[in-house]
Amino acid sequence: MSTPTNLENAAPAAPSDFIRDIVAAHVSEHKYPRVHTRFPPEPNGYLHIGHAKSICLNFGIAREFGGICNLRMDDTNPTKEDIEYVESIQADVNWLIGGWAEDRLGLKQNGQTPEAKMVDGKTDFFVPPVFGTSEEERKHSAVKLEPFYASDYFDQIYEFAVALIQKGKAFVCDMPPDQMDDYRRNGKASPFRDRSVAENLDLFTRMKNDEFPDGTRVLRAKIEVDAANIWMRDPLIYRIKHADHHQTGGKWCIYPMYDFAHCLSDYIEGITHSICTLEFEVHRPLYDWILESLDLPRPLPHQYEFAKLIPSHTIVSKRKLITLVQEKIVTGWDDPRLPTISGIRRRGVTAEALRNFAYNIGVTKYISLTDVAVYEHAIRDDLNKRAQRRLAVLRPIKVVITNYPEGQVEELNAINNPENPISGGRKLPFSRELFIERDDFAEVPPPKFFRLKPGGEVRLKYAYIIKCEEVIKDTAGNLVELRCTADLDSKTGGATSGRKIKGTIHWVSAAHCVDAEVRLYDRLFTEAEPEKDGRDFKSVLNPHSLEVLTAKCEPSLKEASLEERYQFERLAYFALDLDSQPGKLVFNRTITLKDAWAKEAQKS
RNA sequence: UGCCCGAUGGUGUAACGGUAGCACAGCAGACUCUGAAUCUGUUUGUCGUGGUUCAAAUCCACGUCGGGCAACCA
C-alpha cells in the first residue's frame with residue numbers, strides 16, 4: 001500500500017530474543033559464510049497470524065544479519081495439499097514482507113532443481129537462491145522466479161535414501177501399520193530389520209517402481225530399537241502413496257516423510273538456522289542423525305525451536321479454520337473476522353502493524369496465551385498515524401438547524417490527519433439539514449453525558465455550536481428529528497468559537513452525504529479461549545461478530561481507495577473492501593477507537 | 001507411563017550472579033473542536049523447599065504445576 005512519506009518508522013531498532021542471540025553469536029564467530037533461514041509452510045491451508053510470527057522471525061533475522069530467507073513449500077504429502085494454497089501463501093508472504101524484507105526473500109529460477117556436484121570428493125546437491133529483488137521487479141522480469149519446493153528435491157532425497165541403505169542405516173519394513181506402531185511403542189525390533197543391503201536396495205527400488213500397494217512396505221531408518229525418544233526408534237522415512245502430486249504429477253508413488261525431507265531440504269538449500277515451533281523439539285535428534293549419517297561435505301543446518309503464537313479470542317488450527325469456512329460460519333478464507341493473513345489484510349490491518357505486533361510479543365520457549373488487546377493496540381497505533389480522518393454517521397438522526405438559511409451551503413475546512421500535518425485538509429459541505437449519530441443524543445442523559453440533550457449545547461466538529469430546542473417524535477413515540485439553533489458566530493475561527501463546550505460531535509450534511517455499506521466486525525469468539533476445557537468452539541461464537549449498516553458519509557469518501565486507511569472520527573478505523581464497486585462503497589471496520597465513554601456509561 | 005521442554009504482576013516480555021524494567025490491560029488525573037491520540041501518576045510479580053555465594057529471578061538439588069511428543073501428518 002502507499003505509505004505517507006513522513007511516517008516515522010515505528011519499527012523498533014533491533015529486536016532481541018534467544019534465537020537472535022544464537023544467530024548473533026554464530027555471526028561473530030563466523031560459523032557460516034552467511035545467515036540463511038527459511039519459511040517452510042505446507043500448502044494445505046491458508047497462512048494465519050501464527051505463521052506471521054514465524055515469517056517475521058525468519059525474515060527479520062535475515063534482514064538484521066544480512067542473510068536470506070527462502071520461501072519453501074513443504075509439500076511431501078500430496079493427499080493434503082493443493083495449488084490454491086501454494087498461491088495464497090505466496091501472496092500473503094509478499095504482502096507481509098513487502099517494503100521491509102522483500103529483498104531478503106530467497107527464490108529460485110522457474111523449474112530449477114538441484115544439480116549434483118563434487119565437493120571434497122563427495123557428491124553434493126545444492127540449489128542457490130536468487131534474492132535482492134522487489135516484488136515489482138519480479139513481476140516485470142524476463143526471468144521467472146518461484147518458491148522452493150521440497151518436491152523439487154524428490155530425486156535427491158531418493159538418492160540420499162539409497163545412500164542410507166548402502167551404509168546399512170535404513171531398511172525396508174513389511175510390517176502392517178498397526179503392528180509396526182505396536183512394536184515401536186514397545187521398543188521391539190522389526191523382524192525385517194536385518195535384511196541385507198542388496199535386498200533393501202531391491203525392495204526400495206521396487207517400491208519406487210510401483211510394485212506394491214499403499215501401506216504394504218515402508219523405508220525405515222535403522223537407529224535404535226528402544227531409544228528413549230520415540231522418534232529415534234527406527235522411524236519411518238518413506239511411504240508408498242499412490243497419489244498425484246500438485247507439482248510432480250504422477251511421477252512418484254513413494255514420498256518421503258517430513259523428518260527425512262525437511263532436514264535434507266534445509267541442507268540442499270544451504271540453510272544455516274532452521275527455526276520451527278516447539279512440537280518439533282523431540283524431532284531434533286533425528287534431524288541431526290539423518291544429516292550426520294550421510295557424510296555431507298558442506299556445513300550442516302541446525303534446528304531451533306520457539307513457542308508458537310496462541311492469540312486469545314480466536315482459533316488458529318487449520319482444521320478448525322477449515323470448519324468455519326466449510327460450514328459457512330464465515331464467508332471464506334479471507335473473511336475479515338478470521339485470523340488468516342488474507343483475512344487480516346482484507347480487514348484493513350497493515351503489514352507494518354502486524355510486524356510491530358510480532359515484534360511486541362517477542363520470541364520465547366514459554367507457551368503463552370497472547371491477549372488480543374496487544375494485537376489491537378498494534379493496529380490502532382499504526383492506523384492512528386496513518387489514517388485519513390473523515391466524518392461519517394453510522395446510525396443517523398436528522399437535525400434541522402432552524403436559524404440557518406434554507407438553501408445555503410458552506411464549505412468548511414477539515415484536517416485530514418492531526419497526527420500528520422503534511423496530510424493536508426479538505427472541504428466539508430455544511431447546510432441546514434444534517435445527520436448526527438443516534439448515540440450522540442440522549443433525551444434523558446445519563447450522568448457525565450456531555451453530548452446533545454434537550455436544551456443542551458454541543459459543538460459540531462469544524463462547524464457551529466448548536467442547541468437542541470425541540471425533539472420531534474412520530475405517533476409511536478419514535479425519535480424522528482431534532483430541531484436545533486446554531487450560534488452563528490461560533491463557527492470554527494469565529495467570534496464565539498472559543499466558548500467552552502464540553503462535547504464535540506461528528507455530522508454530515510443530509511443533502512451532500514453519500515451512502516456506504518459498512519461492515520462492523522468484532523471478535524469472532526466471546527471467550528478468550530474458545531476451546532478451554534474441551535468446549536466446542538462453536539458454542540462460544542460471537543453472534544455480533546458482523547453487523548452490516550448503511551452509513552451516511554461525507555462526500556469526499558466517494559474517492560476512497562483500497563490503499564488508503566480511514567478513521568471515521570470518534571468511531572473507528574475503516575478500510576475499503578474488495579466488494580466495493582463504482583457508485584457502491586463498502587467499508588470494513590478494521591477496529592474501533594478506544595471508547596472511554598462506553599466504559600463510563602457502563603458504570604452507571 | 002516414558003522421553004523432552006518450560007515456569008517473572010491480570011497478560012506478554014526484559015534483566016545473562018549485583019537497584020526486578022518495558023509493553024498491553026486496569027485505575028486516577030491533565031489536556032482535548034475526536035470521551036481518540038498525547039501527557040502525568042498509580043495498583044499488581046520472580047512456583048515451592050533447601051543449598052552454593054558477601055550477594056540468587058539468574059547457579060545446584062529435590063519437589064510442584066503446565067506443555068509437547070509417542071501419525072505410513074507437518
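Values reported hereafter were calculated over all heavy atoms of this structure, with side chains retained and with hydrogens, waters and symmetry mates removed. So that the names make sense, note that chain A is the first sequence line, chain B the second, and so on, each numbered from 1.
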Are [X] and [Y] close enough that their ring centers fall under 6.0 Å?
X        : Y        : result
A:Tyr153 : A:Phe160 : no
A:Phe587 : A:Phe568 : yes
A:Phe204 : A:Tyr158 : yes

Please work out if [X] contacts a base, only the sugar-phosphate, or nothing of the nucleic acid, heavy-atom cut-off 4.0 Å.
X        : answer
A:Thr492 : base
A:Arg233 : nothing
A:Asp181 : sugar-phosphate
A:Gln567 : base
A:Phe449 : base
A:Gly362 : nothing
A:Leu369 : sugar-phosphate
A:Leu593 : base
A:Met232 : nothing
A:Lys461 : base

Rounded distance in Å between the [atom1] positions of [N] and [M]:
N     : M     : atom1 : result
B:G10 : B:G51 : C1'   : 33 Å
B:G17 : B:G68 : P     : 32 Å
B:A74 : B:A14 : C1'   : 33 Å
B:A23 : B:U34 : P     : 26 Å
B:U40 : B:G50 : C1'   : 45 Å
B:U11 : B:U44 : P     : 16 Å
B:C47 : B:U43 : C1'   : 22 Å
B:A71 : B:A15 : P     : 37 Å

On the nucleotide [N], are OP1 or OP2 found under 4.0 Å from the side-chain N or O atoms that [X] carries?
X        : N     : answer
A:Lys594 : B:G35 : no
A:His506 : B:U34 : no
A:Lys502 : B:U32 : no
A:Ser368 : B:U13 : yes
A:Lys318 : B:A74 : no

## Note on the structure
Closest to the 5' end of RNA chain B, once A:Pro40 and A:Phe450 are matched to their nearest nucleotides, is A:Phe450

#### Entry: Residue closer to the 5' end of RNA chain B, A:Pro256 versus A:Tyr462 (nearest nucleotide)
A:Tyr462

### Query
If you round to the nearest 0.5 Å, how far is CG of A:Leu57 from CG of A:Asp17?
6.0 Å

### Query
Do A:Arg570 and B:G35 have a side chain to base donor-acceptor pair shorter than 3.5 Å?
no

Check the distance between [N]'s [atom2] and [X]'s [atom1] and give it to me in whole angstrom.
X        : N     : atom1 : atom2 : answer
A:Ile237 : B:C72 : CD1   : P     : 14 Å
A:Trp597 : B:A36 : CH2   : P     : 12 Å
A:Asp178 : B:A70 : CG    : C1'   : 15 Å
A:Gln388 : B:A37 : CD    : P     : 19 Å
A:Leu219 : B:C72 : CG    : C1'   : 12 Å
A:Arg380 : B:U38 : CZ    : C1'   : 16 Å

### Task
May I ask you to decide if the ring planes of A:His245 and A:Phe154 are parallel, tilted or perpendicular, using 30° and 60° as cut-offs?
perpendicular

Where the side chain of [X] is defined as all heavy atoms beyond and including C-beta, which of [options] is the nearest nucleotide?
X        : options             : answer
A:Glu279 : B:U34, B:C33, B:C69 : B:C69
A:Arg459 : B:C33, B:A37, B:G35 : B:C33
A:Glu42  : B:C73, B:G12, B:C3  : B:C73
A:Lys80  : B:A25, B:G35, B:C73 : B:C73
A:Ala373 : B:A70, B:U34, B:C24 : B:C24
A:Pro418 : B:U34, B:C16, B:C3  : B:U34
A:Asn77  : B:U34, B:C73, B:A36 : B:C73
A:Thr364 : B:U13, B:A37, B:C72 : B:U13
A:Lys500 : B:C33, B:U34, B:G35 : B:C33
A:Arg239 : B:G12, B:A36, B:A74 : B:A74

If I compare all heavy atoms of [X] with all of [Y], which pair ends up nearest, and what's the gap?
X        : Y        : value
A:Val458 : A:Ile505 : CG2-CG2, 3.8 Å
A:Leu412 : A:Lys491 : CD2-CD, 3.6 Å
A:Ser556 : A:Arg426 : OG-CD, 3.9 Å

### Summary
Using Watson-Crick geometry (N1-N3 plus N6-O4 or O6-N4) or G-U wobble (N1-O2, O6-N3), each under 3.5 Å, B:U64 is paired with B:A7

### Message
ring-ring contact (aromatic ring centres under 6.0 Å, His included) for A:Phe357 and A:Tyr375? Distances and angles first, verdict last.
### Response
CA-CA 6 Å; A:Phe357 167 67; A:Tyr375 173 62; 5.3 Å; yes

